[in-house]
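See below for the structure under consideration.
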Amino acid sequence: MYLAIDTNKSAAWNPNLSTVDSHAMTITRLTMSDEREVLAYLSNRPAHTFALAGFIRDNGLTSPLNRGKFYGCRDVRGQLEGVALIGHAILFETTDDAAIGVFARLALSHREAFIALAERDKIDKFCQYYSKAGQAPRLICREILLELRGPVVQCEAVPGLRKANLGDLDMVVNAHAELGRQERGLIPLETDPAGFRERCAKRIERGRTWVWTEGQTLIFKADVVSTTPEVSYLEGVWVDKAERSKGYGLRCLSQLSETLLKQTSAVCLLANDERPEAQRFYLKAGYKPVDRYETVYL
């Protein structure tokens, strides 16, 4: 494969990229002028491109809030063959194996790359190229993509379920940190306390964090990480340990899902493959498995 790069748009490039296919491909940094084209490309598979589309709709193609840079792979006709966000997280959409190889090799030149997330078959190909270039993932977590389009399971209403405000920040930060430790063994309050707190605050300011509190106790929390007209993506669903097995989580999740479905066609989330109790909880709420994903820690 012949690789060309537009030096007017691209940042650092790894000169050790090797051939992975036999057709010509160009990779460029994407700019705001590409936004409409990129969103149209991502809309072909909205259930799988919620994260990429969400970042663009929230921040645009060029913003420090994306914690990375957007790139596009084009064929000889100039048509998009793939879109990727490469930075702290690596997210990509493509049906072309060659583009996956390009994105994997480009990731090697980004030292801040921490995780890569995609459908299982695509992430496996990504890891093949990534490993051939001399690096191997340190951890791979398998996950199930679950989706709800309705009807929502009817439960007793939770009048106290609301959007969080900055007065809830300390409780939200602690709950989200606990989730990271339980599911990934990550301790963000030790590795990046200021940045972690700032990102939690940003979600609250955007009206993306939902909570149920009683006094100074946080009973339930969930984050709407990204939202498009086609799909909203949930993350960080948490219930206070002392309040579990009382039906509170199901009531809150059902009510939140019903609220979101008034403005989007579907709600989706990822459940750890090794946590069957969480999978049963989401299935009970009406969510259905639609695909298998992997999160790779680089």
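The first residue in the sequence is number 1, and the count goes up from there.
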What about the rings of Trp212 and Tyr248, do their centers lie closer together than 6.0 Å?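 Yes; Tyr248 has its ring centre under 6.0 Å from that of Trp212.
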
Would you say the side chain of [Y] lies within less than 4.5 Å of the side chain of [X], judging by non-hydrogen atoms?
X	Y	value
Leu148	Lys288	no
Phe281	Leu250	yes
Asp240	Leu218	no

Is the shortest side-chain N to carboxylate O distance from [X] to [Y] below 4.0 Å?
X	Y	answer
Glu277	Arg280	no
Arg199	Asp192	yes
Arg292	Glu119	no
Arg74	Glu37	yes
Glu294	Lys122	no
Arg203	Glu235	yes

Residue among Arg57, Glu230, Glu93 satisfying side chain to side chain contact (heavy atoms under 4.5 Å, CB included) with Leu42: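 In the set Arg57, Glu230, Glu93, the residue that makes a side chain to side chain contact (heavy atoms under 4.5 Å, CB included) with Leu42 is Glu93.
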
Checking Gln154 side chain against Val152 main chain: does a donor-acceptor pair fall under 3.5 Å?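 Here the side-chain-to-backbone pair exists.
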
Using modelled atom types only, decide if a donor and an acceptor are shared between the side chain of Arg251 and the backbone of Glu156 within a distance under 3.5 Å.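 Yes, because the side chain of Arg251 sits within donor-acceptor range (under 3.5 Å) of the backbone of Glu156.
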
Parallel, tilted or perpendicular: which fits the ring planes of [X] and [Y], with parallel below 30° and perpendicular above 60°?
X	Y	answer
Tyr71	His110	perpendicular
Phe126	Phe92	parallel
Tyr293	His48	parallel

Going through the distances and angles, do Tyr297 and Phe114 end up as a ring pair (Phe, Tyr, Trp, His ring centres under 6.0 Å)? CA-CA 6 Å; Tyr297 292 81; Phe114 181 62; 5.5 Å; yes

By side chain to side chain donor-acceptor pair (under 3.5 Å), which residues pair with Trp210, not counting sequence neighbours?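 Not a single residue meets the side chain to side chain donor-acceptor pair (under 3.5 Å) criterion with Trp210.
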
So Arg208 and Asp58, salt bridge (Lys or Arg N to Asp or Glu O under 4.0 Å) or not? Walk me through it. CA-CA 11 Å; Arg208 296 288 183 79; Asp58 283 348; 2.6 Å; yes

Verdict with reasoning, Glu243 to Lys241, per salt bridge (Lys or Arg N to Asp or Glu O under 4.0 Å): CA-CA 5 Å; Glu243 303 296 340; Lys241 185 178 296 185; over 6 Å; no

